[in-house]
Visitor: 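The following block contains the structure, expressed as structure tokens.
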Amino acid sequence: MASGPTFSFSILQRRADMKKKLTELLEKAIYSCFTQGTLHETVIPSIEVELPREGAHGDYASNIAMMLASGQRRPPRKIAESIVESIDDSAKILDKVEIAGPGFINFFIKGSAWAALLKEVDALGDKYGQSAMGMGSKIQVEFVSANPTGPLHIGHARGAVIGDVIAGILRASGFSVSREYYINDAGNQMNTLGESVYYRYLGLMGETISFPETCYQGAYITDLAREVRDTYGDTFLKSGKEAAVPFMTDYAAGSILEGIKEDLETLGVVFDRYFSEKELYRDNKVSKIIEKLRNERFIYEEEGTLWFKTTDFGDEKDRVVVRGNGDPTYFAADIAYHLNKYERGFDRIINVWGADHHGYIPRMQACVQALGRKKEDLDVVLVQLVNLLRGGVPVPMSTRAGEFVTIREVTDEVGRDAARYNFLMRRSNSHLDFDLEIAKAQSNENPVYYVQYAHARICSIMRNAVEQGHRIPVYGDISLDLLAAPEEHELIKMIDTFPEIVEGSAQALEPHRIPYYINDLASVFHSFYNKHKVVSDNIALTQARLFLIKSTGIVIRNALRLLGVSAPERM
RNA sequence: GCGCCCAUGGCUCAGCUGGAUAGAGCGUCGGACUACGAAUCCGAAGGUCGAAGGUUCGAAUCCUUCUGGGCGUACCA
């Protein structure tokens with residue numbers, strides 16, 4: 001079931017980070033130029049404020065003068081001058097403003113303005129980083145959706161974690177999100193599963209059979225056959241194949257699915273709903289939608305088969321929905337399934353697929369449009385395959401031969417935190433090298449520890465401070481001016497960026513931005529730590545710095561929570 | 001053949017949807033613990049952003065062509 005956001009919209013909408021404050025200053029300044037006549041009245045392009053790489057370019061910079069140049073027909077630097085003259089810094093956050101290069105406006109922030117940004121971190125606590133961007137709109141994220149014909153392998157694991165975290169990030173961004181697993185439990189591969197178990201069963205019962213090549217080869221098939229034998233004895237020897245195979249199919253699918261659920265749980269992935277393909281057939285959903293689309297001329301008959309006119313929507317060729325023998329294709333069920341999703345009220349649906357399914361996208365987009373939705377109502381996130389390595393050497397895998405490393409084996413070996421973090425570190429659209437030795441290394445080679453260590457270190461300092469009789473301060477307790485060192489400003493600036501990172505990540509459906517962000521945050525924190533002593537004889541300064549690291553800890557914790565990775569207090 | 005994805009220091013990868021002198025980590029070299037956790041920090045070396053054109057004030061980013069890799073091109077899922 002979809003659950004709504006748990007935060008208060010009003011609090012979050014009031015939040016303004018430094019970029020937003022500067023954007024507003026610029027906007028007002030430009031309007032003021034219009035009324036003064038120093039600029040021609042034109043449409044204002046969206047104002048971008050960015051973090052310059054170079055410290056000499058200020059704390060923040062905007063290219064708005066360059067953006068306005070063509071409309072104003074004046075050199076960008078002149079435009080920048082007019083804008084800067086009109087800036088009204090009544091809140092006194094600016095130390096100085098410079099015009100540089102081709103027309104950048106560079107902002108230098110007043111020292112005391114920095115610490116004020118931490119007020120909201122303290123006020124929001126666990127909720128810092130959440131936003132109301134989604135306005136409660138309903139999104140479904142469908143992922144994994146592997147056939148219950150065998151255990152999940154490492155590629156599924158990556159998709160599972162990425163889907164899970166996308167869902168989490170969207171939820172934190174104010175969407176109402178539901179995680180769903182589509183079980184492909186209809187179709188002929190399920191029959192093959194049943195046959196596979198059946199033949200192994202025959203083998204175990206002493207029959208001489210040649211196990212078909214087309215059947216699933218894995219050892220787990222024999223395990224299932226053994227379970228059947230132990231429970232039911234020779235029942236299915238007598239019953240004949242026609243009666244035995246459907247039973248084997250159900251038995252195996254049920255058992256494998258349970259295993260899949262358990263494995264996902266060890267990875268920290270839990271679904272709101274498992275949706276069975278069989279349900280669609282049982283309720284005649286497939287035939288109904290085919291009939292409807294046929295009446296609407298999206299589906300036509302040719303030589304005894306039914307075709308979906310996906311070319312109407314830009315697909316390369318039309319696609320079969322019902323075969324010549326009367327069997328519907330996987331695509332047919334998928335049409336019914338996606339219709340069902342929209343009928344359940346999802347404003348937008350996101351499918352996380354293995355990259356080898358990319359050829360399927362055009363027909364699915366055609367499908368949603370034929371169903372009367374916009375193309376944008378369906379997003380497909382492609383997850384590239386995983387190369388599993390051990391100490392730099394590829395681990396051979398062949399699904400057909402049943403030789404693969406399962407999710408369970410990976411999580412058992414490297415642990416949930418390391419597994420998840422490693423899956424999330426790369427853009428989902430690029431190949432991932434997953435090295436078991438690095439992932440389980442308790443060393444600096446393993447990136448997850450870098451971040452967790454920062455958190456543990458913060459907790460340790462705070463424990464230490466409390467032991468020495470210090471109080472852990474809240475915002476009102478500290479003197480903002482004391483946080484004056486460049487390292488402190490850097491740290492605050494990073495903290496201030498977090499909500500924007502989450503929003504961007506949600507908007508782009510790119511979870512990897514979060515690990516990169518926390519890594520940077522941890523790095524800035526470690527630098528600060530090495531340069532400055534938090535707990536000292538100077539009580540006021542100690543309070544201010546304790547507050548700073550407390551805020552840092554909140555952000556690391558919130559970010560790790562989004563990733564489903566723990567934030568240990570000791571390690 | 002056609003379509004999609006990828007190409008950035010020795011290796012693995014970021015690059016905020018077009019911004020200023022392209023960044024991390026690992027590896028290499030050199031430094032920092034009688035101080036709150038050295039799983040850390042500081043510094044150095046290392047790149048013509050696969051190639052060639054084009055778009056404009058400005059390109060790793062957008063367009064075209066080419067090269068090299070992955071995947072897909074079923075009445076399989």
Side-chain angles (χ1 to χ4, degrees), chain A residues 48 50-54 56-57 61-63 66-67 69-70 75-76 100-104 106 145-147 149 184 186-190 192 277 303-307 316-317 319-331 333-334 354-362 382 384-385 392 425-427 429-433 435 438 441-450 452-454 456-465 467-468 497 500-501 504-505 507-508 510 512-513 515-517 519-520 522-523 525-536 542 545-546 549 570-571:
Chain A
E48 309 270 338
E50 58 175 25
L51 296 166
R53 256 191 289 274
E54 288 290 315
H57 296 148
S62 179
N63 63 353
M66 281 120 86
M67 302 290 284
S70 63
F104 287 101
N106 295 337
S145 299
N147 304 336
T149 55
N184 296 130
N188 51 27
Q189 86 279 1
M190 294 310 293
T192 305
E277 182 183 1
E303 293 170 15
T305 74
L306 293 182
W307 297 78
E316 295 177 327
K317 50 174 284 193
R319 307 293 174 175
V320 172
V321 286
V322 179
R323 302 184 185 96
N325 67 6
D327 287 346
T329 59
Y330 174 86
F331 181 44
D334 237 358
D356 52 337
H357 287 65
H358 73 258
Y360 207 75
I361 296 176
L382 293 178
Q384 285 288 352
L385 303 181
M425 279 188 334
R426 305 263 175 273
R427 226 168 67 236
N429 205 2
S430 64
H431 291 266
L432 170 70
D433 285 343
D435 195 309
I438 291 177
Q442 306 266 325
S443 74
N444 59 355
E445 275 180 303
N446 197 340
V448 66
Y449 291 111
Y450 183 78
Q452 290 184 319
Y453 181 69
R457 189 178 237 182
I458 287 167
C459 293
S460 171
I461 299 168
M462 303 224 287
R463 278 193 302 268
N464 213 291
E467 271 173 34
Q468 292 181 34
T497 312
E500 178 191 329
I501 297 292
S505 180
Q507 210 146 16
E510 290 183 352
H512 74 277
R513 296 187 188 192
Y516 275 94
Y517 166 78
N519 205 272
D520 286 348
S523 166
F525 166 73
H526 284 310
S527 296
F528 157 78
Y529 170 87
N530 275 279
K531 185 111 187 238
H532 303 284
K533 194 122 162 60
V534 174
V535 180
S536 69
T542 299
R545 287 184 173 159
L546 279 173
I549 68 165
R570 289 187 169 85
M571 46 193 293

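As a basis for the values below, the full set of heavy atoms in this structure was taken, side chains included, without hydrogen atoms, waters or symmetry mates. All values reported here derive from a predicted model rather than from experimental measurement. Below, chain A is the first sequence line, B the second, and so on; all start at residue 1.
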Visitor: Write down the partner of B:A7 under the Watson-Crick or G-U wobble criteria, each distance required to be under 3.5 Å.
Guide: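 With both distances under 3.5 Å, B:A7 matches B:U67.
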Visitor: Applying the Watson-Crick and G-U wobble criteria at under 3.5 Å, what pairs with B:G58? Answer none if nothing qualifies.
Guide: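 Checking every strand shown, B:G58 finds no partner, since no pair has both distances under 3.5 Å.
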Visitor: If you assign A:H526 and A:A100 each to the RNA chain B nucleotide with the nearest heavy atom, which residue ends up on the more 5' nucleotide?
Guide: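 Its nucleotide being nearer the 5' end, the pick is A:A100.
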Visitor: Ignoring hydrogens and angles, answer whether the base of B:G19 and the side-chain atoms of A:N63 contain a donor-acceptor pair closer than 3.5 Å.
Guide: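 Under the 3.5 Å cut-off, the side chain and the base do form a donor-acceptor pair.
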Visitor: Is the ring of A:H358 stacked on the base of B:G3, with centres less than 5.5 Å apart and planes under 30° off?
Guide: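 No, aromatic ring not over the base.
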Visitor: Looking only at side-chain atoms of A:R570, point me to the closest of B:G37, B:C5, B:A20.
Guide: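 Ranking B:G37, B:C5, B:A20 by closest atom to the A:R570 side chain puts B:G37 first.
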Visitor: Does any non-hydrogen side-chain atom of A:V320 lie less than 4.5 Å from one of A:L306?
Guide: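 A:L306 does not reach A:V320 side chain to side chain.
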Visitor: Base, sugar-phosphate, or nothing: which does A:F331 touch, judged by heavy atoms less than 4.0 Å apart?
Guide: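 No contact.
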Visitor: Could you tell me which nucleotide pairs with B:G72 by Watson-Crick or G-U wobble geometry, both distances under 3.5 Å, or answer none if nothing does?
Guide: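 Paired with B:C2.
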Visitor: Counting only side-chain N and O atoms of A:S505, is one of them less than 4.0 Å from OP1 or OP2 of B:C16?
Guide: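 Checking A:S505 against B:C16: no side-chain N or O falls below 4.0 Å of OP1 or OP2.
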Visitor: Looking at the base of B:A77, is there any donor atom on it, or on the side chain of A:D334, that sits under 3.5 Å from an acceptor on the other one?
Guide: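 No, the side chain and the base share no sub-3.5 Å donor-acceptor pair.
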Visitor: Do any N or O atoms from the side chain of A:S536 and from the backbone of A:K533 form a donor-acceptor pair under 3.5 angstrom?
Guide: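 Not confirmed, A:S536 side chain does not pair with A:K533 backbone.
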Visitor: Using both distances under 3.5 Å as the test, list the Watson-Crick or G-U wobble partner of B:U17, or none.
Guide: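 By the stated definition (distances under 3.5 Å), nothing pairs with B:U17.
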Visitor: Would you tell me whether A:R426 and A:H431 have side-chain atoms, one donor and one acceptor, within less than 3.5 Å of each other?
Guide: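 There is no such pair between these side chains.
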Visitor: Do we count A:F104 as stacking onto B:A20 if the rule is ring centres under 5.5 Å and planes under 30°?
Guide: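 Yes; by the centre-distance and plane-angle rule, A:F104 counts as stacking on B:A20.
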Visitor: Looking at B:U48, which nucleotide sits across from it as a Watson-Crick or G-U wobble partner, both distances under 3.5 angstrom, or is there none?
Guide: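 Its partner: none found.
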Visitor: Which nucleotide wins on minimum distance to the side chain of A:N530, given the candidates B:C2, B:C75, B:U40?
Guide: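 That would be B:U40.
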Visitor: Are A:R53 and B:C16 close enough that a side-chain N or O sits under 4.0 Å from OP1 or OP2?
Guide: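 For A:R53, the contact criterion (side-chain N or O under 4.0 Å from OP1 or OP2 of B:C16) is not met.
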Visitor: Looking at B:G70 and A:H431: do their rings stack (centroid distance under 5.5 Å, interplanar angle under 30°)?
Guide: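 It does not: the ring fails the test against the base of B:G70.
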Visitor: Assign A:M425 to base, sugar-phosphate, or nothing according to its heavy-atom contacts below 4.0 angstrom with the strands shown.
Guide: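 Here A:M425 touches no strand at all.
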Visitor: Go nucleotide by nucleotide along RNA chain B from the 5' end; which of A:A61 and A:N184 gets its closest nucleotide reached first?
Guide: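 It is A:A61, whose closest nucleotide lies nearer the 5' terminus.
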Visitor: Mind calculating the distance between NZ (A:K533) and C1' (B:A35) to the nearest angstrom?
Guide: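 Rounding to the nearest Å, NZ of A:K533 and C1' of B:A35 are 5 Å apart.
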